[in-house]
There are 2 protein chains.
Amino acid sequence: MKWDTLDEEPCSLSRTVAVVGDRWTLLILRECFLRVRRFEAFQSSLQITRHLLSERLKKLVRFGILRRIPYSEAPKRYEYILTQKGLDLYPIIMAMVHWGDTHMGDERGRPLLHQHKTCGKLFDPVMVCSECGEVLHAKQVHVHAGPGREEAVG
Amino acid sequence: MKWDTLDEEPCSLSRTVAVVGDRWTLLILRECFLRVRRFEAFQSSLQITRHLLSERLKKLVRFGILRRIPYSEAPKRYEYILTQKGLDLYPIIMAMVHWGDTHMGDERGRPLLHQHKTCGKLFDPVMVCSECGEVLHAKQVHVHAGPGREEAVG
DNA sequence: GGCTATAGTTCTAAAATGGAACTGTCAAAC
DNA sequence: GTTTGACAGTTCCATTTTAGAACTATAGCC
């Protein structure tokens with residue numbers, strides 16, 4: 001597999017995997033959603049090597065998920081902020097958190113609770129159909145080849 | 001980072017990442033949701049090395065995401081089927097597909113279209129609040145430390 | 001016996017990662 | 001005006017993972 005062209009495969013999952021499909025990137029994104037923005041902060045909270053952190057941040061900037069913004073002119077210092085494209089990764093992160101809550105929990109209960117500011121309640125994220133609003137299940141979905149692919153699949 | 005104990009971290013995202021947080025595993029799961037079940041079928045559609053495929057399938061079985069079921073007694077042959085725990089990964093996969101459709105598309109259009117059997121329409125997956133049903137956005141969510149973690153975060 | 005199909009395992013070279021030390025810039029403290 | 005410390009990286013080398021290909025094993029079919 002040529003990972004460097006995975007983002008050009010005729011498959012939206014592959015393209016997403018090309019960007020966020022590794023362990024460190026997902027953990028870095030978690031920190032971003034918890035409002036972490038600076039190199040040292042990522043490094044100390046994740047215990048990631050500085051080299052890899054530098055690589056991953058560059059990659060996320062390159063793909064337009066983070067924006068590198070100066071917060072100090074002299075010395076030059078930057079912080080990493082989620083773009084709209086990055087913020088749109090939220091459902092992926094939340095889906096993973098919810099699966100972990102459901103299937104990987106221990107006797108101590110959930111590590112984090114999420115409160116919806118709009119309605120004020122503690123909630124779980126639920127994936128629904130954009131058309132009818134019903135909860136989605138794999139077995140109720142039929143897959144067709146779209147215009148971006150010739151042959152039929154699945 | 002000790003990746004072998006990532007599934008015991010007091011963070012549901014980490015625990016999920018421990019299981020599905022690598023490129024091959026996510027691609028293998030895509031194939032599972034497209035009804036692929038056999039070793040040779042995974043291998044030829046993904047072009048993954050047989051060694052890694054073997055490793056990843058074992059890991060998915062160990063975590064209870066796939067079940068290894070004999071479909072032939074002599075010679076012993078097995079196929080890999082998603083358990084309920086595995087089927088519950090569907091929102092993660094769909095969230096990734098949707099993000100790819102939205103942000104990584106090219107001029108040819110979507111590779112795949114999804115039809116909801118329940119309502120009959122082509123749809124997008126949308127993540128909503130389990131309590132009020134509103135669409136979720138990162139900025140409308142407040143995070144609290146839960147019982148599974150002592151100190152407050154974010 | 002020879003051929004094919006399936007599901008792996010083994011081997012070696014190449015690539016990625018971990019861990020630690022090093023670089024460079026500037027502000028504030030002494 | 002020299003030292004200390006914070007920050008944002010880069011460099012180096014040992015270890016671990018992965019890629020790619022060949023090999024093993026079982027059994028059905030001709």
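All values derive from a computational prediction rather than experimental measurement. Here is how names work: the chains are called A, B, and so on, in the same order as the sequence lines, proteins then strands, and each is numbered from 1. Heavy atoms only: backbone and side chains are in, while hydrogens, waters and symmetry mates are out.
- A cation-pi arrangement, defined by a distance under 6.0 Å to the six-membered ring centre and an angle within 45 degrees of its axis, is present between Arg38(A) and Tyr71(A).
- Contact annotation: the side chain of Ser12(B) never approaches that of Leu112(A) to less than 4.5 Å [non-hydrogen atoms, C-beta and beyond].
- Residue Lys76(B) places no side-chain N or O under 4.0 Å from the OP1 or OP2 atom of dA5(C).
- Taking the ring axis of Tyr78(A) as reference, the NZ or CZ atom of Arg68(A) stays within 45° of it and closer than 6.0 Å to the ring centre.
- Between Glu73(A) atom CD and dA27(C) atom P the separation is 12 Å, expressed in whole Å.
- Distances from the side chain of Arg56(A) to the nucleotides dG9(D), dA19(D), dT17(C) place dT17(C) closest.
- With hydrogens and angles left out, the side chain of Arg50(A) and the base of dA8(D) share a donor-acceptor pair within 3.5 Å.
- Within the structure, a side-chain polar atom (N or O) of Lys58(B) is placed less than 4.0 Å from OP1 or OP2 of dT9(C).
- The side chain of Tyr80(B) lies closest to dG8(C) when the candidates are dT10(D), dA19(D), dG8(C).
- For the atom pair CG (Leu113(B)) and NE2 (His142(A)), the distance works out to 11.0 Å, reported to the nearest 0.5 Å.
- Across the protein-nucleic acid pair, Leu57(A) atom CG and dG9(D) atom P stand 7 Å apart, rounded to whole Å.
- As a whole-Å value, the separation of Ile48(B) CD1 from dG8(C) C1' is 13 Å.
- Distance from the side chain of His51(B) is smallest for dT10(C) among the nucleotides dG18(C), dG9(D), dT10(C).
- Nucleotides of DNA chain D nearest to Arg77(A) and Ser54(A) differ in position, and the one nearer the 5' end is that of Arg77(A).
- Side-chain nitrogen and oxygen atoms of Tyr71(A) include at least one within less than 4.0 Å of the OP1 or OP2 phosphate oxygen of dA8(D).
- Between the CZ atom of Phe39(A) and the C1' atom of dG9(D) there is a distance of 5 Å, given to the nearest Å.
- Side-chain proximity of Leu52(B) to dG9(D), dG18(C), dA19(D): nearest is dA19(D).
- Taking the ring centre of Phe42(A) as origin, the terminal cationic atom of Arg37(A) falls outside the region bounded by 6.0 Å and 45° from the ring axis.
- The side chain of Arg38(A) approaches dA8(D) more closely than any other nucleotide in the set dA8(D), dT6(C), dT10(D).
- The listed nucleotides are dT25(C), dT9(C), dA19(D); the one nearest the side chain of Thr49(B) is dA19(D).
- Where Arg68(A) and Trp3(A) meet DNA chain D, the nucleotide closest to each residue was compared, and Arg68(A) sits on the side nearer the 5' end.
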